[in-house]
Structures are given as C-alpha cells and as structure tokens.
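Below is one structure, written out as structure tokens, with a few remarks after it.
In what follows, every chain begins at residue 1, and chains take the letters A, B, ... in the order their sequences are listed. Predicted model only: the values in this text are computed from it and were never measured.
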Amino acid sequence: MTKMRAALVEQERPPCPNGIATSLAFAWRALLKIKYIPEQLLDVTFFPVMFTLMFTYLFGGALAGSTSQYLQFLIPGILVQTVVFTTVYTGVSLNDDISKGTFDRFRSLPIWSPSPLVGALIADTVRYMIASIIVIILGLILGFRPTGSILGIIAGIVLVLIFAFSLSWIFTVIGLILQTSKAVMGISMTLLFPVTFASNIFVDPATMPGWLRTAVNINPVSLLTTAVRALMGGHTAFTEIVWVLIASAVLMLIFSPITMYLYRNKH
Amino acid sequence: MNNDMDTNNQPLAIKATGLVKCFGKHRAVNGIDLAIPQGTVYGFLGPNGAGKTTTMKILATLLKPDEGQAKVMGHDLIKEADAVRSRVSLTGQFASVDEDLNGIENLILIARLMGYPSRSAKKRASEILEAFGLQDAAKRQVKKYSGGMRRRLDIAASMIVRPDLLFLDEPTTGLDPRSRNQIWDIVRALVSTGTTVLLSTQYLDEADQLADRIAVIDHGKIIAEGTSGELKASVGSGVLHVRLLDPSTRDRAQQLLSEALSAPVHLSSDPVALSAQLTRTKAASEALAALDANQIEVSQFSLGQPSLDEVFLTLTGKRADSEKQKEGAKS
Ligand SMILES: Nc1ncnc2c1ncn2[C@@H]1O[C@H](COP(=O)(O)OP(=O)(O)OP(=O)(O)O)[C@@H](O)[C@H]1O
Ligand SMILES: [Mg+2]
C-alpha cells in the first residue's frame with residue numbers, strides 16, 4: 001500500500017498535450033494492432049491478387065487483345081479499387097472499438113476530441129500505402145510496365161491516398177450509426193460494389209449504353225482511375241486531378257462534421 | 001453559504017440537482033440530487049438497470065443530461081466539460097482497456113494522451129504497472145489477462161495522472177475474494193492521497209466496507225441516502241437470523257415467524273436461512289418459542305444489526321408496496 005501510495009503521489013502533472021500529439025498516439029495504437037493482428041493485412045493482399053489474376057487471365061485477352069496489354073490498363077484501376085475497399089475497415093474498426101467500451105475512456109480524457117478518429121485515419125493511411133505498394137509490386141511481377149516516371153507513380157499513389165482519406169469519413173459515419181461491425185461491413189460493401197464496378201476500372205466505358213456511360217464518367221472513382229492511369233503513363237490529366245481533389249474536399253466537408261457530431265453524441 | 005460547499009463548509013466534489021436522462025420514453029435517471037464532499041468515498045448501491053452507470057456517465061461528461069445541473073470539482077458539467085475532464089477519470093463497468101495490446105502499451109498510450117512525452121510516458125507506465133503488481137504481465141496481451149488483472153490494469157490506467165475524482169463503476173463484479181480485496185486496497189490507498197471516489201456496486205458489503213456515504217438507487221431515483229450506520233438504523237432496531245436444520249420446514253417457519261413478529265420475513269438464498277426485522281427485542285424469544293412448539297428445529301440463531309442487504313430489501317420492498325397501495329387507492 002505504501003508503494004502504491006508513493007506511485008500515486010510522486011508525480012507532477014504533465015503539460016496538456018496538443019491535438020497533433022494525441023492524434024499520433026492514437027495512430028501508434030492502431031499501427032500496433034497490425035503487429036498483433038496481421039490478418040487484417042490479408043484482405044488488403046488477397047483482394048488485389050484475386051481481382052488482378054481473375055480479370056487479367058479470364059477477360060484480359062477478350063477486353064484488350066492480350067493479357068499484357070490489359071495489365072497496363074488494369075493495374076492503376078486495381079490500385080484504386082483495393083485502396084477504396086480498404087477504407088471500409090476504418091468504419092469496421094471504429095465500430096468495434098466503440099462497442100468494446102475503449103472509446104468511453106478516450107472520450108472522458110481532456111484531449112482534442114477528434115484525435116481518436118484522426119489518429120485512426122492516419123494509421124489507415126499507412127495501411128492504404130501498404131496496399132498500394134503490394135498492388136504495384138504484384139503488377140510489376142505480372143508484367144505491368146508503366147511508361148511514366150517514378151515520380152508519376154508516387155503522385156498517382158498520393159492522389160489515391162488523398163481520396164481514400166476523404167472517403168473514409170463516410171465509413172466512420174456508417175461505423176457510428178450501425179450497431180454491429182458485421183452490419184457496417186455489409187452495408188459498406190453494398191455501397192462500394194456498384195461504385196467501383198460502374199467505373200472505368202475494368203473496362204473502357206465507350207461500349208456502355210449512353211445513360212450508364214454518363215454515370216460512369218462522373219463517378220469520382222472513374223475520375224480518379226483516369227488520373228492515376230495518366231500519371232503512371234507519364235502525363236497529367238489535369239481536369240481529372242482537380243475533380244478528384246474537389247470530390248475529396250466535398251466528402252470531407254460533408255462527412256467529417258457528421259462524424260464528429262455522431263461521435264460526440266454517441267452513448 | 002457557498003453553493004459548492006456542504007453544511008460543514010467542506011468543498012464538494014460533486015453537486016448535482018435534478019439530473020434526468022431518458023432513453024426514448026424510459027427515464028433511466030429520474031431526478032438525482034447529489035452533494036459529495038471532496039476526499040470521501042461515495043457509494044451507489046442498486047440492482048441491475050437502476051441507473052448507476054448512466055448517472056456516472058453523465059457526471060463524467062460522456063452523456064448529456066436531459067434535465068438538471070451539476071458542478072463537478074467546481075466546474076459546470078456542460079459549460080466547462082473540458083475542465084471537468086481534466087480533473088476526473090472514469091473506470092467503466094466494462095473494461096475500457098484495449099484487449100489487443102499488452103499491459104504496458106495500454107498504459108503508455110494513456111500516458112501519451114495525458115501529455116507525457118514518449119520517454120517519460122514509458123517510465124510512468126512501468127512505474128504504475130509495478131505499483132499495481134502487474135509488471136510480470138507487462139508484455140502479455142490483455143486478452144490473456146484474468147478478470148482481476150484486467151480490472152487492475154483498467155484502474156491503473158486511470159491513475160497515470162492521479163485524478164481528483166475517480167468514477168469506479170462496479171469495480172469488483174465477477175472477481176474472486178482475493179482480487180476484490182486487492183481492489184479495495186487500491187481504493188483505500190487512492191483515497192488516502194486525497195482523491196474522491198464515486199463507486200457503484202451491487203455488493204452491499206463493498207459499500208459497507210469502502211463508502212463513507214451510500215445512496216441506494218432504484219428506478220433512476222435515490223430512495224435512501226446516508227452512512228451505512230444511518231441506513232441500517234432507519235430500517236429498525238435489529239434483525240433475527242434463523243437457520244433451520246431441515247430446509248423443507250422453511251415455508252412453515254416463515255409463516256410462523258411472520259405471525260409472531262408481525263413483520264415480513266425474508267428468505268435468503270441459503271435454503272435453510274431466514275431473517276426478519278424486529279420492532280422489539282423480546283419478540284425474538286417468542287418467535288423462537290413458536291418454532292419450537294411446532295417441532296421446527298433450529299440449528300442456529302442470532303440477533304444483529306440489519307445488514308445492508310436487508311436495508312436494501314426493505315427499502316425497495318416498501319417502494320413496491322407503496323406503489324401497489326397507490327394503484328389500489330386509484331381503482
Ligand atoms: N444507451 C442506452 N440506450 C437505451 N437504454 C439504455 C442505454 N443505456 C442504459 N439504458 C437503460 O437505462 C437503464 C439504466 O441503465 P444503467 O446502465 O444506468 O443501469 P445500472 O444501474 O448501471 O445497471 P447494472 O447494474 O446492470 O450495470 C436500464 O434500463 C437500461 O436498459
Ligand atoms: Mg452499470
């Protein structure tokens with residue numbers, strides 16, 4: 001008891017931490033989880049491998065003349081698709097955390113209140129980066145030969161990360177509204193499947209019916225895919241990049257305040 | 001007199017009036033008033049669903065009350081929520097540590113969140129871990145901790161920076177007697193450093209052991225408040241405890257005792273034990289004589305102060321009765 005007393009008493013209060021420090025502490029926590037649950041990287045790896053192999057070897061020849069030509073078209077799209085699907089885990093893990101009561105403690109701490117969320121999103125961005133690197137390496141092994149420079153490839157990845165970070169806020173909203181992480185997963189996937197398939201990731205929309213083509217062309221996922229293809233192919237699709245940045249900003253502006261509202265009022 | 005002081009001019013840790021919290025139509029907290037002096041242990045005693053957790057969450061700024069006001073450590077709960085948060089800590093009913101991380105990582109995280117720079121965060125975390133006797137499990141995932149260890153880690157996390165007011169929501173539910181004693185020692189050590197503790201429990205002996213004052217909560221209301229001595233005294237002069245030799249005679253014994261004492265007789269969970277309030281001590285010998293006359297063999301009996309258990313049963317029992325009477329009067 002005396003030892004315990006000593007440990008409790010002998011201390012000075014540390015200064016109040018700033019929002020950046022606390023966000024980084026939360027990011028550190030989320031990254032530790034990758035160490036303990038490496039399975040969470042499994043989906044990130046498995047998805048792109050499966051899709052790339054399936055589309056390249058099943059449909060590649062028919063869609064683009066040869067599998068190797070199709071790969072040049074497909075890999076930037078697979079990069080977008082993989083990262084976009086990875087954003088779902090942001091909502092799922094947030095929901096898990098909240099249902100376990102861990103967040104009750106965080107919310108009762110005297111910290112900048114969005115920091116648990118911001119920290120989680122920072123860690124998720126690291127996860128998206130890992131996914132991106134896996135896709136690019138896989139592509140290179142299969143025969144993806146980007147004509148753009150290294151800088152172009154990096155710029156493409158960065159653009160994908162920016163979009164994914166903004167998109168994640170939709171899933172934090174879903175993660176805060178729904179009761180179970182299973183439901184979060186289900187709803188999010190249901191939302192994402194049409195958005196990623198009704199895009200130019202797998203096929204050129206030129207042969208689609210007019211109304212669908214219009215929808216596909218204004219789909220931010222298509223714009224992002226076009227921009228990434230261009231960057232990796234050595235040119236800049238300026239209009240698309242601007243539109244992607246606008247879409248990202250709009251997503252953030254709408255969904256981050258909703259997330260914060262729900263987060264503050266969650267019981 | 002200052003509003004934040006009690007009648008003896010002690011500063012108050014919590015001053016609340018008319019707290020109400022509704023979930024849909026259900027009033028989980030239904031008008032709670034509190035005045036808890038600093039440096040004391042205050043106990044919330046109540047059955048499942050009484051509103052203990054909800055009240056604590058309101059006072060720890062996790063839930064906004066629908067009605068009522070409160071000052072916690074002198075700060076307004078709603079207008080100065082941040083100031084409140086920097087003075088209090090909550091150890092929730094359900095472990096709020098991260099199961100996937102190990103013990104030390106959990107504490108380092110909290111230390112960093114409380115503002116320790118990376119290196120001193122590690123130092124502080126291991127210091128606290130050792131004080132709580134968890135150093136051997138520092139590198140083990142919390143998932144693999146026993147219930148008692150998890151609970152201690154949870155409280156340890158609240159102690160990284162010693163709060164002025166600690167909310168402990170059912171700290172010993174589900175723990176064995178040894179782990180329970182460890183937690184009680186922690187609470188005592190903590191109080192000796194000047195921290196105020198608001199503790200909720202379903203165990204009457206826990207409230208009896210630790211709390212300076214106790215509020216008995218039921219259906220979102222405080223139905224009795226006082227020291228454990230006062231609560232016991234409010235119930236009656238004493239209690240007769242009887243243990244029978246044969247459990248099958250208990251129903252008959254209950255009937256005989258309630259006739260002899262003209263008071264309700266409580267059957268305890270032990271199948272041979274019963275107890276009843278006494279209005280006068282002499283009634284006890286008459287009651288025992290009645291059992292003897294009916295060939296019911298008694299293995300043991302005692303006269304004692306009512307336990308908080310009986311206080312609770314009497315209080316909640318009375319409440320149910322008076323509600324029934326009200327309904328009866330209406331119809
Ligand atoms: N988030 C919520 N939504 C709806 N109802 C709730 C919610 N939280 C609590 N309640 C209800 O409010 C009432 C009080 O719950 P509370 O958790 O405060 O009780 P308690 O005294 O802590 O009980 P226990 O001893 O079981 O922990 C219960 O009837 C419960 O069902
Ligand atoms: Mg509770």
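- Among A/T190, A/L191, A/V184, the single residue meeting the side-chain contact (heavy atoms from CB on, under 4.5 Å) criterion with A/S188 is A/V184.
- The residues A/R29 and A/D97 are annotated as salt-bridged, a charged nitrogen and a carboxylate oxygen being separated by less than 4.0 angstrom.
- Within the 4.5 angstrom heavy-atom criterion, atoms from both the backbone and the side chain of B/A157 approach chain A.
- Top candidate by heavy-atom pairs under 4.5 Å with chain A, chosen from B/T195, B/L101, B/I128, B/D82, is B/L101.
- Annotation for B/G103 and B/Y145: closest pair CA-OH, 3.3 Å, computed over non-hydrogen atoms.
- Residue B/S89 touches chain A through its side chain alone, counting heavy-atom pairs closer than 4.5 Å.
- If you measure heavy-atom distances from A/F106 to chain B, the contacts under 4.5 Å come from the side chain alone.
- The existence of a salt bridge linking B/D154 and A/R105 is confirmed by a sub-4.0 Å separation between a basic side-chain nitrogen and an acidic carboxylate oxygen.
- Between A/D104 and B/K57 there is a salt bridge, since a side-chain N of the basic residue sits under 4.0 Å from a carboxylate O of the acidic one.
- Among the candidates B/T61, B/D98, B/L90, B/N102, the residue making the largest number of heavy-atom pairs closer than 4.5 Å to chain A is B/D98.
- With a 4.5 angstrom heavy-atom cutoff, A/I37 touches chain B only via side-chain atoms.
- Ranked by heavy-atom pairs under 4.5 Å with chain A, the first of B/L109, B/V88, B/I110 is B/L109.
- Of all non-hydrogen atoms in B/L190 and B/M159, the two that sit nearest each other are CD1-SD, 3.3 Å.
- With a 4.5 Å cut-off on non-hydrogen atoms, B/E130 touches chain A through its backbone and its side chain both.
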